[in-house]
Amino acid sequence: MKWGQFELHLISDGNVWLDGGSMFGVVPKALWERKTTPDKQNRIRLALNCLLIQSGETNLLIDTGCGFKYTEKEIRIYRIEHETDILRELQRFEVRPEEVDFVINTHYHFDHCGGNTRLEGDQVVPTFPNATYIVRRQEYEDANHPNERTVATYFPHNWKPLQERGLLRIIDDDEEIMPGVIVVHTPGHTAGHQSVKVKSEGKTLFYIADLCPTSAHVPLPWIMGYDVFPLTTLEVRKRIYPQAAEEKWLLFFEHDPELPVGYLSKENNKYILEPDIWES
Ligand SMILES: [Zn+2]
């Protein structure tokens, strides 16, 4: 898809299936079931939609999906489905792993950074050997010092190999990573969670990440049970949504298997989504 000066490509890493109750927090199943159908184990299908941004010779990737470093048991529990993966998808656009210049990680949950590294024999190595990988300091600290509730999703092999090779860049503030691509702190899901604004020729696409994982999560109280600070998520949504609606940002939903993009508008004091089509 052409977006001002940029070429944007949706890069899928397949799907994972997570518990529907956990995905919708305090929303009763009777309501969320109208939006998505759970499997026998009450899990719902979640896409892993990464985004490749191309500008001239520069390739920037936002998030890397869940990758392949899992045990049989983990593959079963999370129902990890790789009908495709980020490397196959990048190949479709003739981008070799060595040609990726930047990787932005919104946060270090395994389904967002698992593709940062890959297995080579029994060694874990960076998937993109020439890239600068970017993460927020708060997220980096929390991932390295997890607590009993967060430990199950933070796997150090997703970032340690980057650090050992000097590929990791830890940032403290919102920053323009390349002209028109700006990371924005959007805490709540985790304290160090960030989203990415892609601005060009008066148009803004917003990679909202887990501030709003699917189009079904647009209503303000539809907040994941996984969020570490759900009330912060609510506050941040109340700050971001009005701006997104007013300035007509195209929202990109990282986990939505059906409807990866749309525009926000307000109707009867509630936010609704006007779906759009991703033209690839
Ligand atoms: Zn997450």
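Scope of the values below: all heavy atoms of this structure, side chains included, with no hydrogens, waters or symmetry mates. Both ligands and their constituent atoms are indexed starting at 1 by order of listing.
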(message) Among the N/O/S atoms of H109, which is closest to the Zn ion (ligand 1)? Give the atom name.
(response) ND1
(request) With the side chain counted from C-beta on, respond yes when Y226 and H189 share a heavy-atom pair under 4.5 Å apart, and no when they do not. (result) yes
(message) I'd like to know: is the Zn ion (ligand 1) within the 2.8 Å range of an N/O/S atom from D210, strictly under that distance?
(response)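 Yes, since at least one N, O or S atom of D210 sits under 2.8 Å from the Zn ion (ligand 1).
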(request) Please state whether the separation between the Zn ion (ligand 1) and some N/O/S atom of H107 is under 2.8 Å? (result)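 Looking at H107, which is the residue asked about, there is an N, O or S atom under 2.8 Å from the Zn ion (ligand 1).
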(message) Under the side chain to side chain contact (heavy atoms under 4.5 Å, CB included) test against F128, which residue among T64, L167, L162, V95 passes?
(response) T64
(message) Exactly one of N15, L46, L48 should register a side chain to side chain contact (heavy atoms under 4.5 Å, CB included) with D111. Which one does?
(response)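 In the set N15, L46, L48, the residue that makes a side chain to side chain contact (heavy atoms under 4.5 Å, CB included) with D111 is L48.
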(message) Looking only at the side chains, is there a donor atom on one of N105 and N116 sitting less than 3.5 Å from an acceptor on the other?
(response)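 Yes, N116 and N105 have a side-chain donor paired with an acceptor closer than 3.5 Å.
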